[in-house]
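I have a structure I would like to understand better, so I am pasting it below and will then ask my questions one at a time.
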There are 2 protein chains.
Amino acid sequence: MVKNTRRTQRGEASLSRDSIIEQSIALLDSSGESGLTFRALSEQLGTGAGAIYWHVANKGDLLNAACDSIVAQAMAAAVDGATPKEKIRAAGLAIFDAIDAHPWVGAELARSPGKMPMVRILEGIGRQVGALGVPDRALWQTASALLHYILGVAGQNAANAQFAREHEADRTDFLGAVADDWSKLDAVEYAFTRSMAAHLRDHDDRSDFLAGIDLILAGIAPAL
Amino acid sequence: MVKNTRRTQRGEASLSRDSIIEQSIALLDSSGESGLTFRALSEQLGTGAGAIYWHVANKGDLLNAACDSIVAQAMAAAVDGATPKEKIRAAGLAIFDAIDAHPWVGAELARSPGKMPMVRILEGIGRQVGALGVPDRALWQTASALLHYILGVAGQNAANAQFAREHEADRTDFLGAVADDWSKLDAVEYAFTRSMAAHLRDHDDRSDFLAGIDLILAGIAPAL
DNA sequence: ACCTGAACACCGTTCAAGT
DNA sequence: ACCTGAACACCGTTCAAGT
């Protein structure tokens, strides 16, 4: 009763799946993946921990729903672009930016193959790959190559952000530290990585991401 | 004393970082990621849980070391191939197969950006990208596109295997279930994904993976 | 230097009991 | 139908105490 009153006073609707997901996103954004616990969540919502289980199957379901909410928004916003290529780039950038803003989305995306958030991306990419003129027999392999590349970048960005948070450093500090490690590697055994240390320090994730998309798109062209 | 005797009788050396990592790999392979706990591990090793912390910083360190052990072996074995392209394909396949055999490696790889196991893959790929004739200014973007694609596939394969294990189904059952879900999607909103359901059911992960590598390699060629 | 194992501070999840 | 909150069965990690 007291709790319910407090909830009403705050202007929140009674406990619902949507309000749970909304609060989960807030918690994930502010405290990272380790910040989402049923205890913290129920406290924010002014309920008991067990109540959440009436609306949500388990923590995996919750994370997936939170992830899907972000991905759905991002994909819906990414309709700009005149040509199929531009639309693919726009879709890629939309999810890149979404993960930049919500790093935990990248980690969750990697955990839920074939499920809804991933399907949204696949659909957006796949349509445009078809529009590009890629023949039916090559559609799957082409779309899934793009998808896997995007998921790969998503996962790394998520891990970078997660690592930076744990060590309370920002992204630049973190990449600087990695670059330092790389420049200390054995000069002959790790010649390539060593020579990339400088690049790592001042590269632009976003334009590198786009360059990768373009590389794959360039690989499609000759086959058409 | 008793424990030490038992250890000696089993022919094991006294507790060491290597033996801890070895047993961790065994546990991860047989029981998945949730199977690796300090309690299970210390029982297998005939020690107390706390003893492990003398040799290993924490669970993250342990997982990373186990992952690195597998990746190092895989990359060392993948030296075959006459041309740079063949060497890139060989390296890719080596880690694909390693993750097929040890799915948890795919998940861990996604979690440790810039660290040793990832660096091994980057080094192997990057050298060959250089040998391909890619100019210095494009080396980073090209190598990292290939790397991210590989990590993306690695992550998805790991998640597929993990999901199949949790539901005690095999990979085929799992993909069949996903294909069923896809074929029930809305016909207009998810036209592309829906049409891919059949492909999903009988595709070959390994050859799809290789097709993606070839697509990226094909995208490099025009720029040379 | 290395190991023991109890203790601490958490988790996700369940479930009898309430309304 | 929905919620409560104590209880259960775990975790990773620490640390005084041992050898």
Side-chain angles (χ1 to χ4, degrees), chain A residues 1-10 12-21 23-24 27-28 31-67 104 107-108 111-112 162-163 166-167, chain B residues 1-10 12-21 23-24 27-28 31-67 104 107-108 111-112 162-163 166-167:
Chain A
M1 265 312 157
V2 175
K3 301 292 179 87
N4 239 312
T5 303
R6 196 186 306 152
R7 208 148 60 214
T8 309
Q9 282 173 346
R10 272 209 227 131
E12 294 173 24
S14 72
L15 199 58
S16 70
R17 193 167 213 268
D18 282 348
S19 65
I20 291 169
I21 291 167
Q23 265 303 329
S24 298
L27 232 29
L28 287 160
S31 328
E33 263 183 282
S34 65
L36 180 64
T37 68
F38 280 81
R39 282 165 181 79
L41 189 54
S42 59
E43 194 179 347
Q44 289 289 324
L45 291 164
T47 14
I52 296 167
Y53 279 88
W54 186 262
H55 302 276
V56 141
N58 51 43
K59 191 169 181 181
D61 179 29
L62 183 56
L63 258 167
N64 190 254
C67 177
W104 51 273
E108 176 55 25
R111 260 183 240 120
S112 45
Q162 162 82 6
F163 203 87
E166 272 169 15
H167 296 69
Chain B
M1 265 310 159
V2 175
K3 301 292 179 88
N4 238 313
T5 303
R6 199 187 303 152
R7 208 147 62 211
T8 310
Q9 281 174 348
R10 275 211 224 130
E12 294 171 25
S14 70
L15 199 57
S16 71
R17 192 166 213 268
D18 282 347
S19 65
I20 290 170
I21 291 166
Q23 266 302 328
S24 296
L27 232 29
L28 287 161
S31 327
E33 262 184 281
S34 65
L36 180 65
T37 68
F38 281 81
R39 282 164 179 80
L41 188 55
S42 60
E43 194 179 348
Q44 289 289 324
L45 291 165
T47 15
I52 296 167
Y53 280 88
W54 187 262
H55 302 276
V56 142
N58 51 42
K59 192 169 181 181
D61 179 30
L62 183 55
L63 258 167
N64 191 254
C67 176
W104 51 272
E108 176 54 24
R111 258 184 244 120
S112 44
Q162 163 82 5
F163 202 89
E166 271 169 15
H167 296 69

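Each chain gets a letter, A, B and so on, in the order the sequences are listed, and its residues count up from 1. Please read all numbers here as calculations on a predicted model, not as lab measurements.
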Exercise. Would you find a donor on one side and an acceptor on the other, under 3.5 Å apart, between the side chain of A:S19 and the backbone of A:L15?
Worked result: no
Problem set entry | Protein-nucleotide distance (A:L63, atom CG; C:dG12, atom P), rounded to Å | 10 Å
Exercise. Which of the following nucleotides, C:dC3, D:dC11, C:dG12, is nearest to the side chain of B:T47?
Worked result: C:dC3
Seminar exercise, completed: Between A:N58 and A:F38 the two heavy atoms that sit nearest each other are C-CZ, 4.1 Å
Exercise. Could you state the CD-P distance from A:E43 to C:dC10, rounded to the nearest angstrom?
Worked result: 13 Å
For this session: Would you check, one step at a time, whether the test side chain to side chain contact (heavy atoms under 4.5 Å, CB included) holds for B:D61 with B:R17?
Result: CA-CA 11 Å; B:D61 179 30; B:R17 192 166 213 268; 2.8 Å; yes
Exercise. Roughly how many Å is it from CZ in B:R17 to C1' in C:dA1, rounded to a whole number?
Worked result: 17 Å
Exercise. In which ranges does DNA chain D form stems of 3 or more consecutive Watson-Crick or G-U pairs, distances under 3.5 Å?
Worked result: C:4-8 with D:12-16, C:12-16 with D:4-8
For this session: To the nearest Å, give me how far apart CD (A:E166) and P (D:dT13) are.
Result: 11 Å
Exercise. Given C:dT13, C:dC2, C:dT4, which nucleotide is nearest the side-chain atoms of A:K59?
Worked result: C:dT13
For this session: Run the numbers on B:E33 and B:R111 for salt bridge (Lys or Arg N to Asp or Glu O under 4.0 Å), then give the verdict.
Result: CA-CA 13 Å; B:E33 262 184 281; B:R111 258 184 244 120; 2.6 Å; yes
Exercise. Side-chain N or O of B:H55 less than 4.0 angstrom from OP1 or OP2 on C:dA1?
Worked result: no
Exercise. In whole Å, what is the span from the CZ atom of B:F38 to the P atom of D:dT14?
Worked result: 10 Å
Seminar exercise, completed: Per atom distances to the B:R39 side chain, the nearest of D:dT14, D:dC11, C:dT13 is D:dC11
Exercise. A:I20 has an atom CD1; how far is it from atom P of D:dC2, in whole Å?
Worked result: 12 Å
For this session: Classify the nucleic acid contact of A:L36 as base, sugar-phosphate or nothing, counting any heavy atom under 4.0 Å across all strands shown.
Result: sugar-phosphate
Problem set entry | Polar side-chain atom of B:S42 near backbone of B:R39 as donor-acceptor pair, under 3.5 Å | yes
Problem set entry | Nearest heavy atoms of A:I21 and A:A66, plus distance in Å | CG2-CA, 3.9 Å
For this session: Please tell me which of A:A51 and A:S34 maps to the more 5' nucleotide of DNA chain C, matching each residue to the nucleotide holding its nearest heavy atom.
Result: A:S34
Problem set entry | B:W54, nearest nucleotide to its side chain (from C:dA1, D:dC11, D:dC3) | C:dA1
For this session: Kindly give the heavy-atom pair with the smallest separation between B:E108 and B:C67, and that separation in Å.
Result: CG-CB, 3.4 Å
Exercise. How long is the line joining OH of B:Y53 and C1' of D:dT13, in whole Å?
Worked result: 4 Å
For this session: Can you tell me the distance, in whole Å, between the CG atom of B:L41 and the C1' atom of D:dT13?
Result: 14 Å
